[in-house]
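Beneath this line is the structure, given in structure tokens, with notes to follow.
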Amino acid sequence: MGFRQAWKILLISIISCCIIQSYHCNASDTIQQSWKLLVGETLTSASQVFEFGFFTPANSDKRYLGIWFKNIPPIKVVWVANRESPLKVSDSTVSLSISEYGNLVLLDGTQNVIWSSNVSVPTNNTVAVVLLDSGNLVLKDNVSGQSFWESFDYPCDTFLPGMKIGFNSKTGEKWLLSSWQKENDPSLGNFSIGISEQLSPQFFIWNKVTPYYRTGEWNGLKFIGLPYIDSAAYIIQFVFQQDFQEGTTYFTFLPNTSFLTFVELQSTGSVQVVQWTSGAPAWEIYATMVHAPCDIYNTCGPSAVCSKHNFPTCSCLRGFVPHSSDEWSKGNWTGGCVRRTELLCQQKGNSLSPGVGLQDGFFKLSGLKLPDLAAIFRLDSASECEKLCLNNCSCTAYAYVAGIRCMVWSGDLLDMQDYSYSGEDLFLRLAYSELGKRKRKRALIICSAVFSCLFLGFALFCLLKHKIYITGQKRKVARSFSLGDSCYISKDYTVESLWVGNLKKEDPIELPLIEFEVIVTATNNFKVENKLGEGGFGPVFKGKLKDGPEIAVKRLSNRTGQGIEEFKNEIVLISKLQHRNLVRLLGCCIEGEELLIIYEYMPNRSLDKSLFDASQKELLDWPKRFNIIQGVARGLLYLHRDSCLNIIHRDLKVSNILLDEEMNPKISDFGLARTFQKQQQLVHTHRVAGTYGYMSPEYALRGVFSEKSDVFSFGVLLLEIISGKKNSSFHYVEENLNLLNYAWKLWSEQRGLDFMDGTLINSFSPEEITRCLHVGLLCVQEHPRDRPTMADIILMLNSEMKCSSPKQPTFKFETYLDLGGSVKDNERCSINELSASLSQGR
Ligand SMILES: *[C@@H]1O[C@H](CO)[C@@H](O)[C@H](O)[C@H]1NC(C)=O
Ligand SMILES: *[C@@H]1O[C@H](CO)[C@@H](O)[C@H](O)[C@H]1NC(C)=O
Ligand SMILES: *[C@@H]1O[C@H](CO)[C@@H](O)[C@H](O)[C@H]1NC(C)=O
Ligand SMILES: *[C@@H]1O[C@H](CO)[C@@H](O)[C@H](O)[C@H]1NC(C)=O
Ligand SMILES: *[C@@H]1O[C@H](CO)[C@@H](O)[C@H](O)[C@H]1NC(C)=O
Ligand SMILES: *[C@@H]1O[C@H](CO)[C@@H](O)[C@H](O)[C@H]1NC(C)=O
Ligand SMILES: *[C@@H]1O[C@H](CO)[C@@H](O)[C@H](O)[C@H]1NC(C)=O
Ligand SMILES: *[C@@H]1O[C@H](CO)[C@@H](O)[C@H](O)[C@H]1NC(C)=O
């Protein structure tokens, strides 16, 4: 009783201390036998990191017992004891105590056991419960310190340093993370994380019992299916532990003294890596993993590869064709792909014939997330692995990966992803006829045919455009859209069909045609309050379709008489493109004089709205900015290289980068974009259009553009994002420097970090800033030949790769502006609108 009395006195003093100094309220980290924990009381770990006690989630009428991080907002609950048996908030007489049998028991107001640690404790021991600084709640012998039970053995949705995820093959015990049902409901949700029982295990997320996501096998350093988050591996140092005697196999990760980290499995099945650096005001999301569609297990079905950057998303492996081409063309990938030509060994049963020249062989595919269900053999060389596979007819592919060694697959190849720049090599078994060079030649011929078509189309388009101008038929151009009942550019109409003809004749641009009335209703008759801004050739309005999504509507202002071409261009180009870093077109509307384009609505508007606004820029911390830089780079790479059309955007600038609700960037405004052919990289135009401050010297002065002109604009964008300053309005008076020269000056004096926006002071990574600055300076070099390609840029942004030193940007925009006369900041200008653009090989 004496102890109890003392505890009460202590509590009273704690509570009064709480009232006086709300954050300096210290509580003990230990409960002794015969002590009780009541509602309102907490245990705090020795260094004040974790707190243990009763809590009630927001908007919930249930009370739980759990552990959370103390003092870092927002409150993050890391463990819940009674997730399946909540208490009512109205019952305030609940208590946690140590039972006479030495177990932790949670009792409700009527003294029923709601939850218990339920382990057998030797009867005569005195026990105590301690909350450790790792977040582990331990029931242990008070004298010997032997632990009987610990909360780390019963993970909830949060993976903390020191916790285990894995299994014990002897006892059948499994350590799994399991998601909450909802954000405010800790009961068991649909998703769980565990590891596979393979020789080299991998993490899996299961949706109930079906695989939902996997990381790829562990190679001793990283998970081979996660090439892109090497950087996350730096903050989470995974350790693989295997103890054959105990039968345990598990992953854990090490704590890092410079920050707190946890991994959370969310109720939606996605995974967040969250960290807090000492001094930061709140938790920060370091990485979010599992992005639909490609990360979702087996999205594309067997023998198909998913690619985030391509359209269509799924494609069959070489030598394979869709199982059902009807379903496949509709975007139903579930059937996957099947072999076009049977393997030789399959034709002859299992007997392997020594016939010459007709043997099955292997075709190397690079940059993949390797398929699931590999059998692993610790063979010493790739050739042994190849032999193993070749000698077994059921073997369909092999790979030899450092740290794992020989991986072979039999049967279907499931869940592959195209990583292009990293990932592993897969050797796919194919029939002899599928390996030949003949096919490759044919592909080349098709390629060049497409290119010549494109070139011809472009040239004819230019000629026709000229003619149309002369006969003054601009209105007709607009009307020609409204043939048919969808926003469909008629095949009969030469300009468009030629412009588009480079793809497939039977594949016209088809977009939903939205009636003008609908748009009027959606935007409340283009109410001024709904105006989002001024685009290239007209205002942009926000709207909401009835029972539908929010939209952004660009209305071609009919007064200018200009912009019809830009309008067409945008429809034709964007509707063919699909990439998560490009803005998506939802439809268009052509009625009378009205030309409208309907886009998906971007809640965070354009980047300039937050980047150049003193009150908003604080929200754009460095991880967000770095994510934006990488997203824009990926979008541009897609435009330049990976899309079926090869496109130069020509008007890349901060105000053309839109941000979605998660601040992911999307490139918009394709009004000035042009297709180009790979062989012919430089294009001449007499019509210089774009935005001053972003235009490359060769384009501004000589009207020559190439993909390297976009790289220049990207460089300016990068420098603006780092510095938070506009190139066009920045002027470093002291030495008469513009933003680019100023950046170069600081960089060459090794003072790169001084270039950084002051508001990044709490979130920046010196190494990333320096790398971005370096890349930015490489992009804005005067000679296009010196500038890297977008593919190089993505590599440089993501790795420590050594790159050359940038040359000093000698180009002074001011000089040009003086020559050009009255060109205002950010003003789009068109010179010589009347003359036809001509493409010209170099
Ligand atoms: C009480 O907490 C403060 C800070 O929270 C700490 O500096 C101090 O050492 C703690 N005192 C004890 C007795 O634990
Ligand atoms: C305690 O564990 C035993 C088996 O170990 C089980 O039968 C019993 O239902 C458990 N009790 C509670 C309250 O979980
Ligand atoms: C329990 O401990 C007491 C003394 O602390 C001892 O006399 C008794 O024999 C012990 N009982 C058992 C079952 O170990
Ligand atoms: C447990 O041990 C602590 C010191 O290690 C001691 O102060 C306390 O009295 C012990 N409790 C019991 C119930 O023996
Ligand atoms: C969990 O699965 C059930 C049935 O499959 C579904 O109704 C529910 O919405 C899912 N919950 C979440 C959070 O996805
Ligand atoms: C902590 O993280 C930093 C930065 O990522 C790293 O350099 C350091 O090695 C880590 N320390 C430990 C002990 O893991
Ligand atoms: C998708 O295709 C498969 C066959 O490949 C078929 O069984 C399934 O019903 C299709 N699903 C839908 C939604 O059409
Ligand atoms: C061939 O591979 C299959 C599947 O991996 C295996 O079951 C079978 O034993 C192998 N056959 C031979 C002859 O190795």
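For ligands, and for the atoms within them, numbers begin at 1 and follow the listed sequence. Remember, it's a predicted structure, so these values are computed and weren't measured experimentally.
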Under 4.0 Å to a heavy atom of Thr334 - the qualifying atoms of ligand 7, by number | 1 (C), 2 (O), 3 (C)
Contact check: His323 vs ligand 7, nitrogen or oxygen atoms, below 3.5 angstrom = no
Under-4.0 Å heavy-atom contact between protein and atom 11 (N) of ligand 5 = yes
Ring center gap for Phe427 and Phe363 short of 6.0 angstrom | no
State if Gly189 counts as touching ligand 5 under the rule of any non-hydrogen atom under 4.0 Å.
-> no
Specify the protein heavy atom at minimum distance from atom 13 (C) of ligand 8: its residue, its atom name, and the distance to 0.1 Å.
-> Asn392 ND2, 4.5 Å
Lys182, portion touching ligand 5 at heavy-atom distance under 4.0 Å = neither
Hey, which atoms in ligand 8 end up nearer than 4.0 Å to a heavy atom of Ser394?
-> 1 (C), 2 (O), 3 (C), 4 (C)
Note the single closest protein heavy atom to atom 14 (O) of ligand 7, along with its residue, its atom name and the distance in Å.
-> Asn332 ND2, 3.3 Å
Check whether any protein heavy atom sits under 4.0 Å from atom 2 (O) of ligand 7.
-> yes
Right, does atom 5 (O) of ligand 8 have protein non-hydrogen atoms nearer than 4.0 Å?
-> yes
Asp418 side-chain N/O to Val305 backbone N/O, donor-acceptor pair under 3.5 Å | no
Could you point out which residue of Asn604, Asn627, Asn581 forms a side-chain hydrogen bond (donor to acceptor under 3.5 Å, both in side chains) with Asn664?
-> Asn627
Any non-hydrogen atom of Gln181 lying under 4.0 Å from ligand 5?
-> yes
Run the numbers on Cys314 and Cys306 for disulfide (SG to SG under 2.5 Å), then give the verdict.
-> CA-CA 5 Å; Cys314 295; Cys306 192; 4.7 Å; no
One finds that the ligand 7 atoms under 4.0 Å from a non-hydrogen atom of Gly335 are 5 (O)
For a side-chain contact (heavy atoms from CB on, under 4.5 Å) with Leu414, tell me which candidate from Pro302, Cys300, Ser303 qualifies.
-> Pro302
Please find out if less than 6.0 Å separates the ring center of Phe152 from that of Trp175.
-> no
Considering the options Phe223, Trp218, Tyr250, which one meets the ring pair (Phe, Tyr, Trp, His ring centres under 6.0 Å) requirement together with Phe203?
-> Phe223
